[in-house]
Structure formats: structure tokens, C-alpha cells
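To start, the structure itself, in C-alpha cells.
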There are 2 protein chains.
Amino acid sequence: MSSDATTIPTFSPLYRQIKALMLRALEAAEWRPGEMIPSEVDLAVRFNVSQGTVRKAIDELAADGLLLRRQGKGTYVASHADAGSREGTRFLRLIPEDGQPQTPQSVPLECWRAKAGHEAARILQVAFGAPITIVRRLLKFSGRPAVVEEIYLPGELFDTLDLEMLQQYQGQGTFYGLLESHFGVRMLRAEERIRAVIADPLNARLLEIEQGQPLLSVERVSYTYGNRPVEWRQSLYSTAAHYYLNELS
Amino acid sequence: MSSDATTIPTFSPLYRQIKALMLRALEAAEWRPGEMIPSEVDLAVRFNVSQGTVRKAIDELAADGLLLRRQGKGTYVASHADAGSREGTRFLRLIPEDGQPQTPQSVPLECWRAKAGHEAARILQVAFGAPITIVRRLLKFSGRPAVVEEIYLPGELFDTLDLEMLQQYQGQGTFYGLLESHFGVRMLRAEERIRAVIADPLNARLLEIEQGQPLLSVERVSYTYGNRPVEWRQSLYSTAAHYYLNELS
DNA sequence: GAGTGGTCTAGACCACTGT
DNA sequence: CAGTGGTCTAGACCACTCC
């Protein structure tokens, strides 16, 4: 590799270039969630590098959670629909006090279109007034309501999402599974900002707790490829019978 | 990097055995925090394997946060006293609303001995009635109180810890830095259980907020080598001017 | 048995740090 | 310059899955 003397020489190892190429293939949906990607040898031929170099690229993509290696079978594109054991607690860290981590039941309440206000526009990186889709729903663990949330999505990407679709999809997978399979948008990572708030009458009723009780306010921004924000979510977690678990390392 | 806990490993690759040997050396303090460990070639000779195998063992230990690789210099034992940029937010995820992540000022309030109750005994895995050391302190960001906490430590390990020591150490590093340098106990990972609660009069006064305001209750258990619990901490975070940030991936 | 990922080795060379 | 970690290659062999 030759470097231009006028530009700052930035060294990028070969395996990272391969990783970038594979990222493009993933983003372009050449390989789709749940599918198997070509074998290491095939990829080595395709990119004209050694198998070890392709291997290191795949290793990083797997560490990033984008690929899934299965010895003896192949390497697969990670999918929210995998129903992998980890999927239930990957993004929702709320756990019943007296039980194991479990996937809650989703109860869609409303779904409507709106125009992005200043905050939604800033966070979702769309124009002020651009169409957005808003979902309001409830999550229950063993029949007990634990979460109320409003989810703001850029309307461009999710223009056919409606309450009926949400209801039909109930029990068939997670919300992100729906977004991935029906809209081709895969959430890769998210940031949550957590604060303590007081329940207002409406949400207290939905969560079946008393007004004035403390709740966790969890504000989440989720990102897809290229660190593009595609979801803004404001949730209220009842911690009367559940807790938010975070592992630090 | 991680192995499935549900399946019994039927085969242990060489690099994992090397990793286990290096873990023992770390635990036995043959290599101390902040120090450089032998070079890859030296370790390859010592363990009678190839450099690549030692390399993979080191890679995993570095990924686990136990070692720190510095190209051109060597591999170092990670230390809480490194004052690495990440150290401030590694275990404390509280961030001022209007500023950058920063390390808070610690204000020790009390430090006393006690006997472990049932809960402390269970969590710290010591006998009921065993001696424990309790620290009560306040954390401030830019002079504003944000956290009140009580820290429960097994008395065996920290029998000389007192208020004077805590006060003298103020500003010289983090609490975990003190435990590491003065008591040889290094925290490797922790679990936090987060709930929303209402401030009682005492803690409201300490946090300079009004009684009845909502707070985050953060219960932390920290572990050292061998998943041994060595700290139980109960904290109250004021989220009036701060938020708890969690990155999901 | 064929095909996949996983391990281990040996050697060459590159990039970074300090002397 | 020497010493360190970082990259890349090529090949042999092992472990796992499925036909």
C-alpha cells in the first residue's frame, strides 16, 4: 500500500479493510439476517487474502454482534428473530424480582403518525416537521404490567407500520425482530439514559400502581449501521416487582 | 471470547490453559497492577508453546480487562490507579446533564466495623456475624452532591481501612484504586440492580434535594478473581442534574 | 466423508516506543 | 538501534455438524 505524502498517513490493517467490505455487504443486504455467509476459504478467495486475515475480520464482526459463528456449520448474519437465549435481555434489562430473566408480553396501545418536533428531529437526525411514526405500548411480565413506553421512529423507514400489524405480530418475536423482518432495519446498539421520576395518574393506572410512586425513566436511542439513529424511545419502568440489571466489566 | 455456560466444555484448547496459568500468576500477584508482564516471546518459552498461542491467551485477558496492551512498549497489568480515561466511567455511570463524563469528588462520612447480617453474609459469602467494614460517603460533581452510598466490605480483607485513610486518599484516585493499592484487592466486574425509590429526609438533606423526590437506588455487588464477591454497595443517585448512562450492544 | 469453523505452529515483515 | 506488540501468510491438523 502506498500513501500520499500530502495526506496524513493512516495505517489500516488489511483485516480491517476486509471487515469494512463485509460491513458494506451486510448493510447492502447481500447477506441477510439469519442467512449463512460464504465460508472463510471462499471469502479469502473473493478478497484475495489469506484465510487467517478473513478470519480476523469475521472475529471482530462476531465480537460486534453482527455475525454469529457456529462451529461445523458456518457463519451466520445475526438476527433479532434468532430467538437466541440472549435476545430477551439484550436490550431490555428489566428482570422480575422473584424469577428468571424472561421475555415480556407486548400489548400495543396506539400507533399514529406525527411530525417531528425539534427534539425528535435532532435525535433521529431528520428534518424538523418530517413524518415520524409513534408507537405506544405496554409490557407485561407474567400478566403484571411493568413498562409503558412511547417509541418514535422515522416515518420514511416505517411508513406501513400500524396497530394492526403490531397486534398480529404479538407473541411472534420482539419489536426489533418485527422491524428487521418487515422493514429491513436492524438495531445494532443503543444508549439508555436512566432517571428516577414520579408516576403521573395516567401511567400509574396503566402500570397498576399508585400515583406518586417512583419509576425509572429510561430514554433509549438505538442505532443501525453507520451509527444512524433510527429509534427514540421513552419508557417508564415500574420497579415495584422488577429491577433493572446492569453488568459492569 | 465467551463460552456457553450451559454446556460443559469437553475440550480445552491450549491457549485457554495458558490463559488459566496467566490468571493464576495475576491472582498470585506475580505480576502486579501497573507492572509490565514478560514479552510474548518470553512467555512462549516459559509455557513451551508458540508465540501465537500465548498471543491468543493475552488477547482474551486484555478483552476481559485484566491486561493492557501497548504497542511498542509491552503488556501491562490493568490497574484502577492507571487514571486511564475510561476509569472514571467504568463503574460509575452517572453523568452530569450539562457536561462531560467526569470523576466526582468523594466525601467520606463514616467508616465503622460491624457484624455481617444475614443479607450481607449471603452476598459477601462470609459467615453470619463475621466482621465487616462499612463506609458511608457522598459523591459530588462540581460541588453538587449526586450520590450517597454505604459500602459493605468483608472485614478480613480490609481490617485497617478507616475514615482517616479515606480522607487522606481523597483526590488521589478512585475508591477501587485505594482498595487495589493498599489492600491488594482488584475489582474485576460488578452487577448493579437499579430501582426507583423516594428520598427519605436524611438522604434528601445530604443530596440537597427535597424529601419525597425520586432517586435511583443502585445496589452493586463487585467481584474479584474467581468471581469472589468482595463488595456490596447500596447507593442513592440523584437524577435531578445527572443521569445514568448505559450502553447496550 | 465432506464441509465448516477452531487451533497451533513457524516465519517474515511492519508499526510503534524508547535509547 | 533494539525490543515490543501487530499483521499476514501458509500449512497441518482437530472438533463439530450434517448427509
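Each chain gets a letter, A, B and so on, in the order the sequences are listed, and its residues count up from 1.
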For [N], does OP1 or OP2 lie under 4.0 Å from any side-chain N or O of [X]?
X	N	value
B:T75	D:dG5	yes
A:K56	D:dC8	no
B:T53	C:dT7	no
B:R55	D:dG6	yes
B:R70	D:dG5	no
B:K73	C:dC16	no

B:V54 or B:G72, whichever maps to the more 5' nucleotide of DNA chain C: B:V54

Aromatic [Y] / basic [X] pairing, under 6.0 angstrom, 45° off normal:
X	Y	value
B:R189	B:Y223	yes
A:R137	A:F175	yes
B:R90	B:Y176	no

Nearest to the side chain of [X] - [options]?
X	options	result
B:S50	C:dC8, C:dG5, D:dG6	C:dC8
A:R69	C:dG6, D:dC8, C:dC8	C:dG6
A:S39	C:dT9, C:dA15, C:dG5	C:dG5
A:M36	D:dT4, C:dA15, C:dT4	C:dT4
B:V49	C:dT9, C:dC8, D:dC16	C:dT9

On DNA chain D, nearest-nucleotide positions of A:S12 versus B:Q51: which is more 5'? B:Q51

Please report the distance, rounded to the nearest Å, between [atom1] in [X] and [atom2] in [N].
X	N	atom1	atom2	answer
A:L14	C:dC13	CG	P	17 Å
B:L61	D:dG5	CG	C1'	16 Å
B:Y15	D:dA15	OH	C1'	13 Å
B:I58	D:dG6	CD1	P	9 Å
A:E40	C:dT7	CD	P	11 Å
A:L67	C:dT4	CG	P	16 Å
B:Q71	D:dT7	CD	P	7 Å
B:Q17	C:dT7	CD	P	12 Å

Let me confirm one number: the CD-CG distance from A:E231 to A:L153, rounded to the nearest 0.5 Å. 6.0 Å

In this structure, OG1 of A:T103 is separated from CD of A:Q105 (nearest 0.5 Å) by 12.0 Å

Plane angle bin for B:Y169 and B:H182 - parallel if under 30°, tilted between 30 and 60°, otherwise perpendicular: perpendicular

